[in-house]
Amino acid sequence: GRRRAADRLAEFIVQSINGARAVEKPFFHLEFDRVFPDDIYAQILYPNVAGFGAQKFGQVEDPELRHLCATLYNDAMVEIQEASNGRLLPMGLVPWWDVEGSIAEVERCAANGLHGVNMCSDPQTRGLPDLGERAWDPFWAACAEHAMPVNFHIGASETTIDWMGT
């Protein structure tokens, strides 16, 4: 069930960050007025462990766990945005391996107050349609309907730019 999937997600995250030690007090509990310089009001946040476009989630074989990775990440980002009084603006991750699931997550992110979503730039490398194909039209329509800009991080492509080398 969901609890078992959450346990697998926690294990996946711990393995993904190579055993890095957890901090005692998460960064989103900082006093933002003292952290941000006067000329910076807000900052957009992109994922790291998930890949800059959530492309790492595509490596998770269990479909329930893969979807849970995106929804739990987005739930945490809502908490971070709220704790920062809107000064940190995380972009939600969509389950790009599932067009209908992506649409539902765009709607959920918008309803929870996130200001945009982040997407992998080349789902066609995983057997899905290219983002310019008609199969994605309902996704683009949902993003437009909910005023959710779609962000593509420069490091989100597994084919165009590979920061890790071969």
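Taking each heavy atom of Glu105 and Pro95 in turn, the nearest pair found is CB-CD, 3.6 Å. Across all non-hydrogen atoms, the minimal contact from Cys109 to Gly92 is SG-CA, 4.1 Å. Heavy-atom minimum distance, Ile103 versus Ala142: CG2-CB, 3.8 Å. The shortest non-hydrogen separation linking Ala147 to Pro149 is O-CD, 3.3 Å. Of all non-hydrogen atoms in Val150 and Met119, the two that sit nearest each other are CG1-CB, 3.9 Å. When all heavy atoms of Asn151 and Met91 are compared, the closest pair comes out as ND2-SD, 3.1 Å.
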Apply side chain to side chain contact (heavy atoms under 4.5 Å, CB included) to residues Trp96 and Leu131 and explain how you reach the verdict.
CA-CA 10 Å; Trp96 53 266; Leu131 293 174; over 6 Å; no
Arg126 vs Gln59, side chain to side chain contact (heavy atoms under 4.5 Å, CB included): CA-CA, chis, key distance, verdict
CA-CA 10 Å; Arg126 301 288 178 105; Gln59 299 170 3; 4.0 Å; yes
Start with the C-alpha gap between Val60 and His67, add the side-chain angles, then the distance that decides, and say whether side chain to side chain contact (heavy atoms under 4.5 Å, CB included) holds.
CA-CA 9 Å; Val60 178; His67 185 77; over 6 Å; no
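Here OG of Ser84 is found 12.0 Å from CD of Glu79. Values are rounded to the nearest 0.5 Å. Asn112 contributes atom CG, which lies 8.5 Å from atom CG of Asn74 (distance to the nearest 0.5 angstrom). Expressed to the nearest 0.5 Å, how far CE of Met77 lies from CG of Leu89 amounts to 12.0 Å. With rounding to the nearest 0.5 angstrom, the CH2 atom of Trp97 is 9.0 Å from the SG atom of Cys120.
Using modelled atom types, one side-chain atom of Asp62 and one backbone atom of Leu65 make a donor-acceptor pair closer than 3.5 Å. Without hydrogens or angle criteria, Arg87 side chain to Tyr41 main chain gives a donor-acceptor distance under 3.5 Å.
Residues that satisfy the ring pair (Phe, Tyr, Trp, His ring centres under 6.0 Å) test with Trp136, not counting sequence neighbours, are Phe139. Residues meeting the side chain to side chain contact (heavy atoms under 4.5 Å, CB included) test with Glu133, sequence neighbours left out: Pro129, Asp130.
In the hydrophobic cluster analysis, where Ile, Leu, Val, Met, Phe, Trp and Tyr join through side-chain heavy atoms closer than 4.5 angstrom, Val99 is grouped together with Trp140. Linking ILVMFWY residues whenever their side-chain heavy atoms come closer than 4.5 Å, directly or via other members, leaves Val106 and Tyr46 in distinct clusters.
You'll find the side chain of Arg66 stays beyond 4.5 Å of the side chain of Asp98, heavy atoms only.
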